[in-house]
S.K.: 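Would you mind keeping the following structure in view while I ask a few things?
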Amino acid sequence: MRELKGLYSALLGAFHEDGSINEKGLRQIIRHNIDHNKMDGLYVGGSTGENFMLSTDEKKRIFEIAKDEAKNDITLMAQVGSINLKESVELAKFVTDLGYDAISAVTPFYYKFGFEEVRHYYETIVADVDTRMVIYFIPFLTGVNISVEQFAKLFENKKIVGVKFTQGDFYVLERMRRAFPDKLIFAGFDEMLLPATVLGIDGAIGSTYNVNAARARQIYDLARANRIAEALEVQHVTNDLITDILDNGLYGTIKLLLEEQGIEAGCCRAPMKAYTPEMRARAKEIYKKYF
Ligand code: HMN
């Protein structure tokens, strides 16, 4: 079984202007993450992949393309969560058959699901697949909170091996590390990679690693070697970059930065907005400033 620890790029979606999948661009982004960024893993079908705006068939196609392009060159984790539980179950089987190393699922969102419903959701997704599940915990987007005690209940299922922790409350992160030394904790906020690493995470999954992999690797390695002052210098530059990216439109700007490196990263999918000339010009400035 393949090691799941390490740094993952959350794979971007590449789309044509009409919203269809840009397969060539997607393959280039995948290769860039493997060959140039030297990432340990790819998180396919997450927020960064604009997954929640896609049909089931489109999600499957992206999972297929990623596996076909990556083969066994990198660890592959597939985000299969959806508030359509039947779809999640179908996707979990689909990616497991494709040979993905692990699955992940966002907490069910939109309706205010109670904990027993959340638990039933995870138990149902993993029931018939022989794989490992990483819970995708992102309360600021889903509105769903899970307490440390509730995580303990979810983790009773041995197939549920970890959590992608995308939350700014590091008291909770510390409590999670303390409570679950044998579970995998992945940090989800790139701007807090250094403090998360100090607290003992097992890896990190992020959108900006598609373009900022070298600095992320430095932060992660320096922090683990206890060279905190040096890691902080790199985190400062990284956060200047992330602030500029967020100001200009998160996923679009990352794609435009990839475009500057000759990668056909394509457009975002509506209802995300199309690029404006100003946004393109600003992305060029950001590229010059940081790369
Ligand atoms: C995913 O599901 O695609 C990623 O794992 C999400 C990841 O946690 C990113 N979060 C969101 O985009 C909501 C971060 O990398 C984030 O983009 C970054 O820290 C900038 O805020």
Side-chain angles (χ1 to χ4, degrees), residues 4 6-15 26 29-30 33 37 39-54 59 62-63 66 75-82 88 91 95 100 102-109 133-144 162-170 173 184-197 201-213 215-217 219-220 234-235 237-258 265 268-269 272 286 290:
L4 295 182
L7 293 184
Y8 291 59
S9 279
L11 185 64
L12 292 154
F15 300 98
L26 190 62
I29 300 172
I30 294 162
N33 273 301
N37 290 346
M39 296 309 285
D40 300 309
L42 276 179
Y43 188 80
V44 186
S47 315
T48 308
E50 299 168 50
N51 171 77
F52 304 110
M53 300 180 289
L54 306 182
K59 292 178 188 182
I62 288 171
F63 288 136
T75 304
L76 286 178
M77 191 181 294
Q79 196 297 121
V80 300
S82 156
S88 296
L91 292 176
V95 296
Y100 273 65
I103 59 173
S104 179
V106 70
T107 51
F109 51 89
M133 158 71 81
V134 172
I135 292 169
Y136 182 4
F137 179 58
I138 182 161
F140 93 98
L141 286 183
T142 60
V144 176
V163 56
K164 180 167 104 60
F165 184 92
T166 308
Q167 201 198 26
D169 187 335
F170 276 23
L173 178 58
L184 298 171
I185 304 180
F186 296 93
F189 272 132
D190 316 359
E191 46 278 56
M192 292 186 274
L193 179 58
L194 166 57
T197 307
I201 51 163
D202 300 288
I205 300 168
S207 63
T208 64
Y209 305 156
N210 284 279
V211 283
N212 195 43
R215 290 192 188 96
R217 178 70 66 188
I219 295 168
Y220 191 59
V234 189
Q235 186 78 67
V237 179
T238 288
N239 288 4
D240 291 343
L241 167 65
I242 292 177
T243 303
D244 284 345
I245 289 176
L246 289 172
D247 283 348
N248 199 46
L250 177 58
Y251 306 130
T253 303
I254 299 174
K255 291 184 205 193
L256 289 170
L257 293 175
L258 285 175
C268 293
R269 171 94 166 220
M272 286 193 185
I286 295 172
Y290 297 97

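Just follow the structure's listing: the first ligand is 1, and inside any ligand the first atom is 1. Hydrogens, waters and symmetry mates are skipped; everything else that's a heavy atom, side chains included, is used.
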S.K.: Once you measure the plane-to-plane angle for F140 and F189, does it fall in the parallel (<30°), tilted (30-60°) or perpendicular (>60°) bin?
M.R.: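 Plane angle between 30° and 60°, so tilted.
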
S.K.: Tell me, please, which residues at least two apart from F15 pass ring pair (Phe, Tyr, Trp, His ring centres under 6.0 Å).
M.R.: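 Counting only residues at least two positions away or on another chain, F15 forms no ring pair (Phe, Tyr, Trp, His ring centres under 6.0 Å).
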
S.K.: Could you check whether E191 pairs with R215 (Lys NZ or Arg NE/NH1/NH2 to Asp/Glu carboxylate O, under 4.0 Å)?
M.R.: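 Between R215 and E191 there is no salt bridge, as every charged N stays at least 4.0 Å from the carboxylate O atoms.
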
S.K.: Check ligand 1 against the protein and report each N/O to N/O distance under 3.5 Å, formatted as atom name, atom name, distance.
M.R.:
| residue | atom | partner | partner atom | Å |
| --- | --- | --- | --- | --- |
| ligand 1 | 2 (O) | S47 | N | 2.9 |
| ligand 1 | 2 (O) | S47 | OG | 3.3 |
| ligand 1 | 2 (O) | Y136 | OH | 2.8 |
| ligand 1 | 3 (O) | S47 | N | 3.1 |
| ligand 1 | 3 (O) | T48 | N | 2.8 |
| ligand 1 | 3 (O) | T48 | OG1 | 2.7 |
| ligand 1 | 5 (O) | K164 | NZ | 2.7 |
| ligand 1 | 8 (O) | K164 | NZ | 3.0 |
| ligand 1 | 8 (O) | G188 | O | 2.5 |
| ligand 1 | 12 (O) | Y251 | OH | 2.6 |
| ligand 1 | 15 (O) | D190 | OD1 | 2.8 |
| ligand 1 | 15 (O) | D190 | OD2 | 3.1 |
| ligand 1 | 15 (O) | S207 | N | 2.8 |
| ligand 1 | 15 (O) | S207 | OG | 3.2 |
| ligand 1 | 17 (O) | S207 | OG | 2.7 |
| ligand 1 | 19 (O) | D190 | N | 2.9 |
| ligand 1 | 19 (O) | D190 | OD1 | 3.2 |
| ligand 1 | 19 (O) | E191 | OE1 | 2.5 |
| ligand 1 | 21 (O) | E191 | OE1 | 3.4 |
| ligand 1 | 21 (O) | E191 | OE2 | 2.7 |

S.K.: Going by an N to O cut-off under 4.0 Å, is there a salt bridge joining D40 and R217?
M.R.: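 Looking at D40 and R217, the cut-off is met.
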
S.K.: Mind checking what makes ring pair (Phe, Tyr, Trp, His ring centres under 6.0 Å) contact with F63, not counting sequence neighbours?
M.R.: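 Per chain and number, F63 pairs via ring pair (Phe, Tyr, Trp, His ring centres under 6.0 Å) with Y100.
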
S.K.: Taking only residues two or more places apart in sequence or in another chain, which ones pass ring pair (Phe, Tyr, Trp, His ring centres under 6.0 Å) with Y209?
M.R.: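 With neighbours one apart ignored, the set is empty.
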
